Every structure is written in C-alpha cells, then in structure tokens.
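Here the structure is a predicted model, which is why all the values come from computation and not from measurement. Residue numbers start at 1 and run along the sequence shown.
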Amino acid sequence: MITREAEQELIQSILAGEKDKFAIIVKEYQEHVQNLAYRMVGNKLDSDEVVQQVFVSLYLSLPRFKFESRLNTFIYRITVNVVSKMYGKAARIASYDDLQYETPSDDLNEEERMVREEQKAKLRKAIGLLNPEQRTALILYTYDEFSYNEIAEAMDCSLSKVETLIFRAKKNLKKMLDTNTNKGKD
C-alpha cells in the first residue's frame, strides 16, 4: 500500500502535469475497486464498467481531494457513488464467491466441510438480502476492514448512521439466519 506521504506526492505530481503517474494509482487500487464493484453489482461486465467510471471520476476529482483522508477512502466513496448513480436502489450483491472466507481445515471430515459450506452459502444469501446501505456498510467493515469513520466518509453519511447501519445489518443477518435454522428443524 502507498504511504500517505507518497499518495500526496503522487497526486501533486499528477496535478502538476505528470498525468502518466495516474497509472500508479490505477495499478494500486484497481483490484480493490473491482472487488467492491463486483460485490455491489453482481456481475463482471457491470463491475468492469463501474471500475472504468470510478477511475475517470477519480481523475477528474483529484483537484478536489483535500488530503484529509486516505486516498483509498476517497476511491471507495467514488465507487459507492458511481454504483448508486448507475444502478440506483437496484444495486445489489449477488455473489460472495470472491470474498475471502476461512479456508477449510484439513482436519475436518467430509460431513463437517459440507456443513461449513452450507453455512457459508446461507450467509452469502442472507447478506444479499440486506438493504443496499446496510450491505455496503457491512462489507466495508467486515471484508475491507474499514473503520466506522472511513465508512462514514466513503458512504458520505454520519458516523452514527454507520453505527446504526452495521448494527441493523448484524441484527437482520442474525434474524435471517435464525429463521433459516429454525425452518430446518421443522
């Protein structure tokens, strides 16, 4: 990851006319943006379009970057905004196959592995059913390891709203997973 000082120098050099240095930013953040976009829109073609638009928007927005936050937070905010503009409330997360889950241990037997995979599938489905704001906040917190402050900045909302979104997301997930578990016992 690029240090905060290196980010500032890089952005200042781009703004001073060294436009070819923007490729360094793209190379550094493209995979992260691609993963977030894919999780939000659910397919490769649309996520590729989002990524392209994010970096165009980033390039045009660099003069407004105030160096008060990290560049990755600014990029995630642009990503969330691009998805919202392009897909509105229809933005969803359709697949979690690209998320990094705990890898199955060799000491698990086949039945335990199957149970674990079934639990993961239920979790992916439940996350996909959350409303878009809850889903986005939860993903940024859980999978991208953003702090609540970084999420607030990325989603352009208050810290208390982020706290509420994550609390409700966890509560709704628990309710959905408990309901699924109880259905299986009938």
Side-chain angles (χ1 to χ4, degrees), residues 1 29-54 70 72-105 108 110-186:
M1 178 171 268
Y29 295 103
Q30 186 168 13
E31 185 177 338
H32 298 292
V33 172
Q34 183 74 49
N35 289 337
L36 178 61
Y38 182 77
R39 289 188 302 253
M40 293 182 77
V41 299
N43 69 67
K44 177 92 170 85
L45 185 63
D46 288 344
S47 67
D48 287 345
E49 189 174 335
V50 168
V51 170
Q52 183 177 357
Q53 186 59 46
V54 164
R70 293 293 310 254
N72 67 332
T73 304
F74 188 62
I75 292 170
Y76 276 109
R77 181 175 182 180
I78 291 171
T79 305
V80 169
N81 289 340
V82 166
V83 170
S84 294
K85 285 179 185 172
M86 291 175 76
Y87 300 95
K89 297 290 182 189
R92 57 183 174 77
I93 298 171
S95 174
Y96 285 84
D97 294 334
D98 62 327
L99 298 179
Q100 295 185 8
Y101 292 107
E102 181 181 325
T103 55
S105 172
L108 294 179
E110 190 60 33
E111 183 179 346
E112 290 169 329
R113 281 192 192 117
M114 288 175 59
V115 168
R116 182 174 282 174
E117 289 304 315
E118 185 178 321
Q119 289 170 337
K120 288 179 187 178
K122 286 179 183 177
L123 178 61
R124 287 191 297 268
K125 182 177 179 184
I127 291 172
L129 295 173
L130 291 172
N131 81 42
E133 283 188 318
Q134 289 177 9
R135 198 170 37 237
T136 300
L138 185 69
I139 286 172
L140 290 173
Y141 178 71
T142 305
Y143 298 106
D144 293 315
E145 299 178 353
F146 270 40
S147 70
Y148 281 25
N149 286 328
E150 290 171 322
I151 296 168
E153 189 170 335
M155 293 181 67
D156 195 24
C157 63
S158 70
L159 182 61
S160 61
K161 182 170 182 177
V162 170
E163 292 168 346
T164 301
L165 288 170
I166 292 174
F167 174 80
R168 288 183 180 162
K170 289 177 179 179
K171 182 179 173 185
N172 289 336
L173 279 177
K174 183 176 180 351
K175 187 190 299 184
M176 284 186 265
L177 294 172
D178 286 348
T179 301
N180 263 347
T181 303
N182 292 335
K183 281 182 183 177
K185 292 180 181 177
D186 293 339

Got more than 12 heavy atoms from elsewhere within 6.0 Å of OH, Y29? yes
H32 vs L36 side-chain heavy atoms within contact, under 4.5 Å: no
Can you give me the closest heavy-atom contact between K170 and Y141, atom names plus distance? NZ-CE2, 4.1 Å
Just wondering, do Q52 and D48 contact through their side chains at under 4.5 Å, heavy atoms? no
Any side-chain heavy-atom pair from M155 and F146 closer than 4.5 angstrom? no
With heavy-atom distances below 4.5 Å as the criterion, would you say the side chains of Q34 and V50 are in contact? no
Minimum heavy-atom separation for E153 to R77, with atom names? O-CD, 3.0 Å
Any chance you could measure N131, atom CG, to R168, atom CZ, to the nearest 0.5 Å? 9.0 Å
In Å, rounded to the nearest 0.5 Å, how long is the span from OG1 of T136 to CD1 of I166? 11.0 Å
Separation of N172 CG from Q134 CD (nearest 0.5 Å): 5.0 Å
Spacing of E112 atom CD and M114 atom CE [to the nearest 0.5 Å]: 12.0 Å
For a quick test of reading the model, state the closest non-hydrogen atom pair linking I151 to A137 and the distance between them. CD1-O, 3.7 Å
I need the L130 CG to L173 CG distance, nearest 0.5 Å. 4.5 Å
Is the shortest side-chain heavy-atom distance between L140 and E150 below 4.5 Å? no
Roughly how far, to the nearest 0.5 Å, is CD1 of I75 from CD of Q30? 11.0 Å
Heavy atoms only: give me the nearest A154-V80 pair and the separation to one decimal. O-CB, 4.1 Å
Contact check, side chains of Q53 and K85, non-hydrogen atoms, under 4.5 Å: no
